[in-house]
Amino acid sequence: MQQNWKADFPVFAQFPDMVYLDSAATSQKPAAVIAAEAAYYREANANPLRGLYDLSVRATDAYENAREAVRGFIGAASAREIVFTRNATESLNLIAYSWGRSELHSGDEILVAISEHHSNMLPWQSLARETGAALHYLECDSSGVYTEEALRAALTPNTKIFAIAQISNVFGRISAIADFARICHENGTLIVCDGAQSVPHIPVNVQALDVDFLAFSGHKMFAPMGIGVLYGKEALLRKMPPFLYGGEMIEYVTREGAEYAELPHKFEAGTVNVGGAVGLHAAIDYVNAVGFAEIVRREDALTAFAVQEMRQIPHVTIIGGDDPAAHHGIVTFAVDGVHPHDIAAIFDSDSIAIRAGHHCAQPLHQHIGVSSTARMSLAFYNDEQDVEKFVDTLKTVRRRMGFER
Amino acid sequence: MQQNWKADFPVFAQFPDMVYLDSAATSQKPAAVIAAEAAYYREANANPLRGLYDLSVRATDAYENAREAVRGFIGAASAREIVFTRNATESLNLIAYSWGRSELHSGDEILVAISEHHSNMLPWQSLARETGAALHYLECDSSGVYTEEALRAALTPNTKIFAIAQISNVFGRISAIADFARICHENGTLIVCDGAQSVPHIPVNVQALDVDFLAFSGHKMFAPMGIGVLYGKEALLRKMPPFLYGGEMIEYVTREGAEYAELPHKFEAGTVNVGGAVGLHAAIDYVNAVGFAEIVRREDALTAFAVQEMRQIPHVTIIGGDDPAAHHGIVTFAVDGVHPHDIAAIFDSDSIAIRAGHHCAQPLHQHIGVSSTARMSLAFYNDEQDVEKFVDTLKTVRRRMGFER
Amino acid sequence: MSDNFYDEVLIDHNLHPQHLHDLPGATCSHAGMNPSCGDEITLHLEMRGGIIADGSFTGIGCAISQASADIMLDLIIGRTPEEARKLAALFRKMIGGEITPEELEILEEAGALQNIARMPARVKCATLGWRTLEHLLETAD
Amino acid sequence: MSDNFYDEVLIDHNLHPQHLHDLPGATCSHAGMNPSCGDEITLHLEMRGGIIADGSFTGIGCAISQASADIMLDLIIGRTPEEARKLAALFRKMIGGEITPEELEILEEAGALQNIARMPARVKCATLGWRTLEHLLETAD
Ligand SMILES: Cc1ncc(COP(=O)(O)O)c(C=O)c1O
Ligand SMILES: Cc1ncc(COP(=O)(O)O)c(C=O)c1O
């Protein structure tokens, strides 16, 4: 753990005593990303795509270069498969509105993993309500494992789409997406992968995974808020109707209707967020410079350290089991007799930022039989001291709530 | 024109010879806005709304303070009426999807002004197609004027909604929105005001106008890209179903369905764009510091100067007429024998940024019988030299295209 | 939030609540909930001769919501509905940060929750019991 | 973009196009358009004895699209469809910035459009005539 990556992130200089363990909610931003977005506004800001002057060409280049960077980052075949959205939530809604409302009918089935984040569940609930399709859930065991057998058993000839996260934001467990994609495709089922928690932390290659759609957010991967990505296979995106309607996404408009622009512009209505895309580009460059080897090594080591310490503390239960290798930077836990909100408040009083609640996964919490939990989540910029401080506070929680005095 | 407002905008230091006359497409950003967003990421960045720790409270405050600033800026009754979106286009689509899909039925009518930007036209076309409602257009005369009589004549007992821009992005003319709202309400018709071109340039008060919805974009009013606003009257928003589904917009989720959060969160699915909202807040503070008195005075004077000069140049036609008072910082024009794309290219060769094409208003161009036009558009940071340079180049266009040699 | 936010008062009311039990003689009950955190409290009151003769609560929740409900019952038992409503209004005023020192006195131990406004996410916890009370008094009228 | 982008070659072909007229003896015609700018060109060819014996275009558009179409017709009249196709491929290569100096020679006056790639919004204008040609030759086969 030699390297002090925190030095790249101005927020840690601003709050040197803060221990930030809520990166699964949103990541901090390196100076390089903050500077790149600012530089765009100083040196290249214009409305891109239709511009006929120098500055607009710069803006267009900045935007399309960012798209190409995203394409390379996730190994897509073509930049036409990369749609910029606001966040993973919008990406998933785009699929449900555009693909879903045009392809799904009563009698069809949607399969959703029960541990999904609300953003990969509510759009499907709403789609099912509107189209009359049936919504089914794939169940996991208490440590968050989905098996191939369970998936095979849940798929029917009517299952049109299966939605699952690559890494659960509660368990931190990686699902075998490539295997699931193969099984789905054998069944004629599309697979939507929620990469919100995986793309920032492990190398993701959409062609190797062979997923039909991948959604993720910039803000969880060191980029600014307000920019996200939808990857979709070109043949699918081409057939899908537009989602939002407006400027920039058309070829030709009359009083009666419109002819839509080519991919990916068909899905990017209105003035695009060039500043956000430039920030995401800088974040990708930054991640590549650090390297996933280093990122994975550090996050795995810190996770293992945390889990090993936590499982020795009496009255602490780790959700999803005690195996350090099953948690990828995300450790959700409970403390006997102490409500998670109180746990988070005690951590806060020690300047440690963790999260408490249902983590936007209420049906999962109902499934595992608790109404809320506490969660610490890591990024590579965390270090051993952060985990030590976390463990030290965790040891005091019950005492400070009046137990065992 | 004493004050040099350009000094506040770093892009003009970067390109001292550039004349930027495309502010209607997107505005440049003052240093204060760029710095405010960067400072947020250095000093307050976290996932807001659910946070139980100090940094998250800072982020929540930053976000909600921005909402309050927007509320004050447009004179809304309550911050619950302010929904943050990505841009005006998304705001308008939100109305068409949420209000439209739940309230409109076959037999109902939608009325749209023929000069509308595609973003305030295509969502209504799509809504009409899906619901079976009829789409009608309100016609303007050749200088872009909509009369009360024409509106009265176009409204029927079935007209459920009327969509119109306060300032047209082609003519630059202000429509009498308050009068139109009164006429609409007498008829039981809702009015949607597209404020994309007005909110940045004139004081807008939603209660005085009494519009039901107002949409605008941050990026045209000196804020970063990727943040926009939907204002809606509380009683309407309250009744409307959600648009995007996901995290942060729910109260409670089960396998079967969800109970949605209170306004405005019901309409803000997924992690919100705090950085963008902070940038918009800084832009509002900046505009208030400059003051609309100064902004309107400068923009009107520059517009008048430009129109007066332009109408003396042979072979130049101003779209929407020669009256300087009819153009609010937006002057769209044609040059006999020269295609607008070539006009823009010639201006670019003199480092002057203007726009050419249909300005996302093709049906209007069909209505006035041209396929494209050129447009110069101002902001208060422009000065007399900018207009002089523009006029100087305009005088040379025909000669440089081989005419009158 | 300073370490002693969870002070003796709160911790004691949370660990050893006086009023967390059923109330066989209850004349009215109402369940209030914070859907987003899953907390739920049912408030039971026994109205007799125009005063709140006895009261209790059941349900689960965080220390803030439990302690707040327990402290509230200490305050309102023996009072008239009118007096209870006034206390609820004072409590809201305190959370809103607009209370005077004299008014704070009246709230006795509930004053331990004064700083909850610093944690907007927890305000709903602190007010759960009080909101349930207001609802109960309104509908019981 | 430098001032002399609209050089004599382009301006001349735009103001005095040799091939902007109807073609009564045309054996095939095709309309191409740039929907987003409303420009439209119809290309007419007269094929005789395996060569493009004559050609013309009609329609409206910017100087770039008009001059490009006119220059194209100068180049392809008298050639075989195969040769015309090769020239179209070379033109695309030039726009893509991958042309060698020798190849550029072959394109003669069309070389005046070499720098259009700097203006992405205008590439569609420069290639409109050529795209229409390719379509025509494909469907005429
Ligand atoms: C009148 C008008 N409405 C709507 C829009 C759409 O704004 P945006 O592209 O920021 O969504 C624009 C700007 O392009 C406009 O000028
Ligand atoms: C697994 C997962 N999916 C989706 C989301 C939604 O991401 P966003 O809120 O950025 O749209 C999140 C994060 O909150 C997540 O953890």
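Protein chains get the first letters and strands the later ones, always in sequence-line order, with residue 1 at the start of each.
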**Q** What residue, out of Val253(B), Thr26(B), Leu94(B), has the most heavy-atom pairs lying under 4.5 Å from chain A?
**A**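 Counting heavy-atom pairs under 4.5 Å, the top option is Val253(B).
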**Q** Run the ring pair (Phe, Tyr, Trp, His ring centres under 6.0 Å) test against Phe15(B) and tell me which residues pass, sequence neighbours left out.
**A**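 So Phe15(B) forms no ring pair (Phe, Tyr, Trp, His ring centres under 6.0 Å) with any residue.
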**Q** Quick one: does Ile250(B)'s side chain get under 4.5 Å of His118(A)'s, heavy atoms only?
**A**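 Yes, close enough: below the 4.5 Å cut-off.
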**Q** Find the one option among Ala13(A), Ser126(A), Ala344(A) whose heavy-atom pairs under 4.5 Å with chain B are most numerous.
**A**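 Ranked by contacts with chain B, first place is Ser126(A).
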**Q** Is there a salt bridge (Lys or Arg N to Asp or Glu O under 4.0 Å) between Glu139(B) and Arg255(A)? Walk through the geometry before answering.
**A** CA-CA 12 Å; Glu139(B) 317 276 332; Arg255(A) 289 175 177 228; 2.8 Å; yes
**Q** Test Leu122(A) against Met249(B) for side chain to side chain contact (heavy atoms under 4.5 Å, CB included), laying out the working first.
**A** CA-CA 10 Å; Leu122(A) 295 178; Met249(B) 50 72 77; 4.1 Å; yes
**Q** Could you check which of Asn87(A), Val33(A), Leu92(A) has the highest count of heavy-atom pairs closer than 4.5 Å to chain B?
**A**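 Answer, by heavy-atom pair count under 4.5 Å with chain B: Asn87(A).
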**Q** When rounded to the nearest 0.5 angstrom, what distance separates OH in Tyr245(B) from CG in Asn120(A)?
**A**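 So the OH of Tyr245(B) and the CG of Asn120(A) are separated by 15.5 Å.
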**Q** Counting heavy-atom pairs closer than 4.5 Å to chain B, which one of Ala46(A), Ala277(A), Gly357(A) comes out on top?
**A**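 The answer is Ala46(A).
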**Q** Where on Gln28(B) is there a heavy atom nearer than 4.5 Å to chain A: the side chain, the backbone, both, or neither?
**A**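 Both backbone and side chain of Gln28(B) come within 4.5 Å of chain A.
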**Q** Is Tyr41(B) close to chain A through its backbone or its side chain, or both, or neither, when contacts mean heavy atoms under 4.5 Å?
**A**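 Contact with chain A involves both backbone and side-chain atoms of Tyr41(B).
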**Q** Could you go step by step and tell me if Met225(B) and Val278(A) meet the side chain to side chain contact (heavy atoms under 4.5 Å, CB included) rule?
**A** CA-CA 11 Å; Met225(B) 292 166 145; Val278(A) 165; over 6 Å; no
**Q** Go through the atoms of Val112(B) and report whether side chain, backbone, both or neither lie under 4.5 Å from a heavy atom of chain A.
**A**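 The answer is neither part of Val112(B).
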**Q** Could you measure the distance from the CD atom of Glu37(B) to the CD1 atom of Ile34(A)? Nearest 0.5 Å is fine.
**A**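 It is 9.5 Å, given to the nearest 0.5 Å.
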**Q** Who are the side-chain contact (heavy atoms from CB on, under 4.5 Å) partners of Gln366(A), not counting sequence neighbours?
**A**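 With neighbours one apart ignored, the set is Gln362(A), Pro363(A), Tyr252(B), Thr254(B).
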**Q** Please test Gln14(A) against Arg42(B) for side chain to side chain contact (heavy atoms under 4.5 Å, CB included), starting from the C-alpha separation and ending with a verdict.
**A** CA-CA 7 Å; Gln14(A) 182 73 21; Arg42(B) 282 197 304 263; 5.6 Å; no
**Q** Any side-chain heavy-atom pair from Arg355(A) and Leu52(B) closer than 4.5 angstrom?
**A**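 No, side chains not in contact.
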**Q** Measure Leu244(B) against the heavy atoms of chain A and call it side chain, backbone, both or neither at under 4.5 Å.
**A**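 Both parts, heavy atoms under 4.5 Å.
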**Q** What part of Glu256(B) gets within 4.5 angstrom of chain A, counting heavy atoms only: side chain, backbone, both, or neither?
**A**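 Just the backbone, heavy atoms under 4.5 Å.
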**Q** Please test Arg86(A) against Glu90(B) for salt bridge (Lys or Arg N to Asp or Glu O under 4.0 Å), starting from the C-alpha separation and ending with a verdict.
**A** CA-CA 11 Å; Arg86(A) 178 181 32 221; Glu90(B) 194 198 359; 3.0 Å; yes
**Q** Given that the side chain runs from C-beta out, which part of Ser27(B) has a heavy atom under 4.5 Å from chain A: side chain, backbone, both or neither?
**A**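 Contact with chain A involves the backbone of Ser27(B) alone.
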**Q** Name the member of Leu135(B), Leu55(B), Ile352(B) that forms the most heavy-atom pairs with chain A at distances under 4.5 Å.
**A**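 Maximum pair count with chain A is reached by Leu55(B).
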**Q** Of the backbone (N, CA, C, O) and the side chain (C-beta and beyond), which part of Phe9(A) lies under 4.5 Å from a heavy atom of chain B, both, or neither?
**A**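 Neither part; nothing is under 4.5 Å.
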**Q** Given 3.5 Å as the limit, does a donor-acceptor pair link the side chain of Ser119(A) with the main chain of Gly247(B), or not?
**A**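 Side chain of Ser119(A) to backbone of Gly247(B): a pair is present.
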**Q** Output the option from Arg129(B), Met121(B), His365(B) having the highest count of non-hydrogen pairs under 4.5 Å with chain A.
**A**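 Highest number of heavy-atom pairs under 4.5 Å: Arg129(B).
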**Q** Does the side-chain hydrogen bond (donor to acceptor under 3.5 Å, both in side chains) test come out yes or no for Tyr53(B) and Asp22(A), once each step is laid out?
**A** CA-CA 10 Å; Tyr53(B) 50 87; Asp22(A) 197 19; 2.5 Å; yes
**Q** Counting heavy-atom pairs under 4.5 Å with chain B, which one of Pro242(A), Ser217(A), Gly246(A) comes out on top?
**A**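 Heavy-atom pair counts peak at Gly246(A).
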**Q** Against chain B, work out which of Ala258(A), Ala128(A), Pro224(A), Ser351(A) has the most heavy-atom pairs shorter than 4.5 Å and name it.
**A**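 Going by pairs under 4.5 Å, I would pick Pro224(A).
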**Q** Just so I understand: if I count every heavy-atom pair under 4.5 Å between each of Arg101(B), His367(B), Met18(B), Glu43(B) and chain A, which residue has the most?
**A**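 Top option by heavy-atom pairs under 4.5 Å: Glu43(B).
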**Q** Who wins among Val11(B), Asn45(B), Ile354(B) for the most heavy-atom pairs under 4.5 Å with chain A?
**A**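 Winner by heavy-atom pair count: Asn45(B).
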**Q** When heavy-atom pairs shorter than 4.5 Å are enumerated against chain A, which of Val272(B), Asn273(B), Ile114(B), Ile227(B) gives the highest number?
**A**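 Winner by heavy-atom pair count: Asn273(B).
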**Q** Is the Tyr97(B) to Phe243(A) ring centre distance short of 6.0 Å?
**A**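 When the ring centroids of Tyr97(B) and Phe243(A) are compared, they turn out to be within the sub-6.0 Å range.
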**Q** Measuring from atom CG of Asp54(B) to atom OG of Ser349(A), what distance do you get when rounded to the nearest 0.5 angstrom?
**A**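 Asp54(B) atom CG to Ser349(A) atom OG measures 11.5 Å (nearest 0.5 Å).
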